[in-house]
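For reference, the structure is listed below as structure tokens.
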Amino acid sequence: MACSVRGASHEQNGQPNQDACLLDVGKGVFSTATDKKWYCNNIDAESLPVSLLLADGHGSKRHFRSERGSRFAVEMGREAFHKIYSKLSDNDAWRNNGLAQDRVSEMLDNLINSWGTKIAEDVDHDPFSSEQIDLVANRPEVAYGSTLLGVLVTQHWTLYIQLGDGDILVLDKDGKVSQPIAKSAELIANETTSLCQENAAKKVKYALKMNSDNSPWMLMLSTDGYLNSFREESSLLQAGHDFQTLLYTKGPEYIDQELEIWLTEMTKEGSGDDITLGLLYRNLKASVGCTESETLQDHNVEVASSGTEEPVDKENHCRPSELSPENGTAQSSDLGGVPDIPTTHSELTQNVMITQSDSEEDPVHA
Amino acid sequence: MVRPGGELAKRPLHFIWLADCSGSMAGSKIQSLNTAIREAIPHMRDVANNNPNAEVLCRAISFDTQAVWHIPQPTPIDQFQWKDLKATGVTAMGAALKLLANDLDVSKMPTRALPPVLVLLSDGAPTDDFNADLKALIDKPWGKKAVRIAIAIGQDTDLKVLQDFIGHPEIKPLQADNSAELLHYIRWASTEVLQAASAPPSRTTQEASNTMNVALTSPPPPNPEPQTAMDTW
């Protein structure tokens with residue numbers, strides 16, 4: 001699921017929501033419009049892969065079409081993910097570290113190029129004024145400047161990409177939170193790396209990690225308006241943990257109901273910025289072995305009904321590890337209603353994990 | 001149901017005065033400086049009220065023979081009160097920047113903070129190692145990304161030093177030659193600059209290295225004529 005809200009400060013000054021979001025679950029693609037709140041219901045993915053992409057347009061005077069730039073970014077990101085999925089799925093190419101890295105680098109080059117092509121088409125269709133031309137100084141992509149972060153979950157591996165600010169959290173089955181892509185210390189005071197910069201492909205950080213029975217269990221992506229609304233940075237990791245707890249105790253329907261309210265409160269009381277947050281998570285019912293007709297309660301999983309005002313008794317909270325079948329029993333490890341896939345990794349001969357965490361960034365200028 | 005995560009908060013915006021209170025500031029200059037900053041406070045509060053997502057936190061460093069935190073605690077603007085400065089001694093401007101750099105270290109600044117605003121006011125030239133201390137400030141990420149404004153008080157100010165502090169050739173030091181102009185420029189720095197820093201859009205790291213971190217409106221023009229010769233510094 002995902003939700004994007006326009007920033008409180010943008011409501012005040014008449015700017016549109018410059019964030020964009022795209023959730024591709026195979027049977028449908030859901031994406032944000034540029035100037036209205038968008039909200040996507042809890043979706044069961046029919047099959048892997050699934051992908052979630054977020055982008056944040058810059059919004060300064062020079063980036064006068066960044067709400068289009070962010071939308072193009074998530075659209076081109078989705079196309080790039082489709083291509084790399086087919087390339088890395090063939091012949092188990094993902095098992096080869098060097099080859100996987102080449103494929104990802106190639107994907108990023110193509111993503112930036114296709115984003116640029118989209119921009120050229122847009123400028124052809126809607127040319128700049130002379131004043132706008134002066135602002136961008138022969139680099140039309142500046143007008144569309146945006147960040148991009150995304151995750152592609154497949155049967156065997158998960159690919160994370162990030163250019164600019166925003167956050168990606170991974171939670172395992174036991175609720176342990178990690179961030180697969182390190183944050184850059186230079187991205188403070190509203191500065192960010194961007195799709196519109198020269199050599200943008202080299203600035204993208206990425207990680208390609210093997211899946212396991214335990215991870216990823218839940219993924220949470222957010223634009224920087226989310227983290228910037230909390231007093232403490234540690235609240236981001238706490239939020240990831242809280243969302244996972246809510247999935248198990250109150251169910252995704254409850255989060256569906258509340259997410260827009262929460263994000264609206266956060267932009268008003270916190271950062272004032274556009275806020276977009278997306279979640280991908282494993283289907284809890286499948287993970288505990290529910291058949292289609294069974295409920296979680298049939299498997300002794302207490303879940304509070306949506307809309308309850310009373311907090312759930314902590315003793316009724318269930319950790320996934322407490323509900324898992326015993327070792328050796330096959331269970332679905334997919335994201336929601338997906339046919340069984342191999343759950344053990346003994347047949348895997350190589351643990352593939354590639355990262356580009358120290359991407360090329362602009363040097364610090366005195 | 002409690003929202004996931006912790007307490008919400010506005011983004012902090014640190015506004016720091018760096019005020020020369022050396023001996024040459026004695027008399028009408030220091031008096032005008034004290035008055036101008038005090039009179040700017042209500043207008044800063046108005047700006048803060050119009051930017052509800054920024055928490056403006058104000059403090060000040062004074063420098064004469066040494067540099068000290070004149071008002072050391074980052075104070076919410078609705079509680080900020082100016083304490084009058086007295087003038088004496090020489091001009092340890094470098095020491096002021098070094099003191100500031102310590103507090104702008106990443107370990108002391110929240111990553112979610114807005115770009116700080118630093119306003120340097122001086123009527124002379126530094127009498128210590130300004131260049132090394134300026135480098136120490138700019139070498140800090142928060143020092144580099146701060147909005148740095150400088151106001152020269154009187155004709156004897158070393159403008160090159162102030163320009164070096166600003167660090168962006170498109171932004172010039174403001175020249176205040178009388179009390180009315182000083183009031184005028186302090187008002188601009190504490191309102192227009194504060195407004196721009198309160199709601200800055202994202203910028204690429206490339207842009208920020210080439211130009212000021214925040215897009216500023218033009219400063220007001222100087223007063224055309226002083227009222228009397230005694231008014232001119």
Side-chain angles (χ1 to χ4, degrees), chain A residues 8-9 13 56-63 145 147 164-165 183 185-194 196-198 224 227-236 238-243 246 250 254 258 261-262 265-273 308-309 311 361-366, chain B residues 1-14 50-55 104 106-107 109-117 131 134-147 164 167-168 196-215:
Chain A
S9 65
N13 62 25
D56 180 356
H58 301 328
S60 73
K61 194 174 173 187
R62 290 184 78 211
H63 308 292
T147 67
D165 52 35
K183 293 199 82 161
E186 278 302 306
L187 300 189
I188 57 173
N190 276 35
E191 285 185 22
T192 181
T193 46
S194 171
C196 71
Q197 287 180 293
E198 293 173 13
D224 70 333
L227 171 61
N228 283 339
S229 294
F230 289 119
R231 181 175 294 283
E232 303 294 338
E233 202 166 323
S234 58
S235 288
L236 179 74
Q238 182 63 45
H241 186 83
D242 290 346
F243 271 113
L246 281 173
K250 290 195 173 245
Y254 180 81
E258 300 292 326
I261 297 169
W262 289 331
E265 177 198 1
M266 290 180 74
T267 182
K268 189 177 169 198
E269 303 298 324
S271 64
D273 198 1
T308 182
E309 296 300 323
E361 289 186 351
D362 293 314
V364 173
H365 291 267
Chain B
M1 174 63 193
V2 175
R3 172 192 33 79
E7 185 188 354
L8 301 179
K10 303 175 188 183
R11 296 179 71 181
L13 194 170
H14 291 269
N50 288 333
N51 290 278
N53 295 107
E55 183 187 17
L104 292 184
V106 289
S107 60
M109 288 284 289
T111 54
R112 59 191 287 271
L114 290 163
V117 177
N131 288 328
L134 175 62
K135 183 176 184 305
L137 174 67
I138 304 302
D139 279 351
K140 299 281 184 183
W142 284 106
K144 174 174 168 270
K145 295 171 201 297
V147 179
D164 288 346
H168 295 281
S198 295
S202 292
R203 288 157 58 91
T204 68
T205 48
Q206 212 160 14
E207 285 173 326
S209 65
N210 296 332
T211 57
M212 181 70 80
N213 201 10
V214 166

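So that the names make sense, note that chain A is the first sequence line, chain B the second, and so on, each numbered from 1.
In this structure, the side chains of A:Ser235 and B:Glu7 stay at 4.5 Å or more apart for every pair of heavy atoms.
The minimum heavy-atom distance between B:Trp142 and A:Ile188, with the atom names listed, is CE2-CD1, 3.4 Å. Contact between B:Pro115 and A:Ala189 at its shortest, heavy atoms only, is CG-O, 3.8 Å. The heavy-atom pair separating B:Thr204 from A:Ser194 by the smallest distance is CG2-CB, 3.4 Å.
Contacts between A:Lys268 and chain B at a heavy-atom distance below 4.5 Å involve the backbone alone (N, CA, C, O). Contacts of A:Glu233 with chain B are made by side-chain atoms alone, with heavy-atom separations under 4.5 Å and no backbone atom involved. Contact of B:Pro52 with chain A is made through the side chain alone, with heavy-atom distances under 4.5 Å.
Residues passing the salt bridge (Lys or Arg N to Asp or Glu O under 4.0 Å) test with A:Arg62 are B:Glu207, sequence neighbours excluded. Scored by the salt bridge (Lys or Arg N to Asp or Glu O under 4.0 Å) test, B:Asp164 finds B:Lys160 as partners (sequence neighbours excluded).
At least one donor-acceptor pair closer than 3.5 Å links the side chain of B:Asn53 to the backbone N or O of A:Thr267. Using modelled atom types, one side-chain atom of B:Arg112 and one backbone atom of A:Phe230 make a donor-acceptor pair closer than 3.5 Å.
In terms of heavy-atom pairs under 4.5 angstrom with chain B, the leader among A:Lys183, A:His63, A:Gln238 is A:His63.
Taking CZ of B:Arg11 as the reference point, atom CZ of A:Arg231 lies at 14.0 Å (rounded to 0.5 Å).
Summarising the local packing, NZ of B:Lys135 is surrounded by 12 or fewer heavy atoms from other residues, nucleotides or ligands at distances under 6.0 Å.
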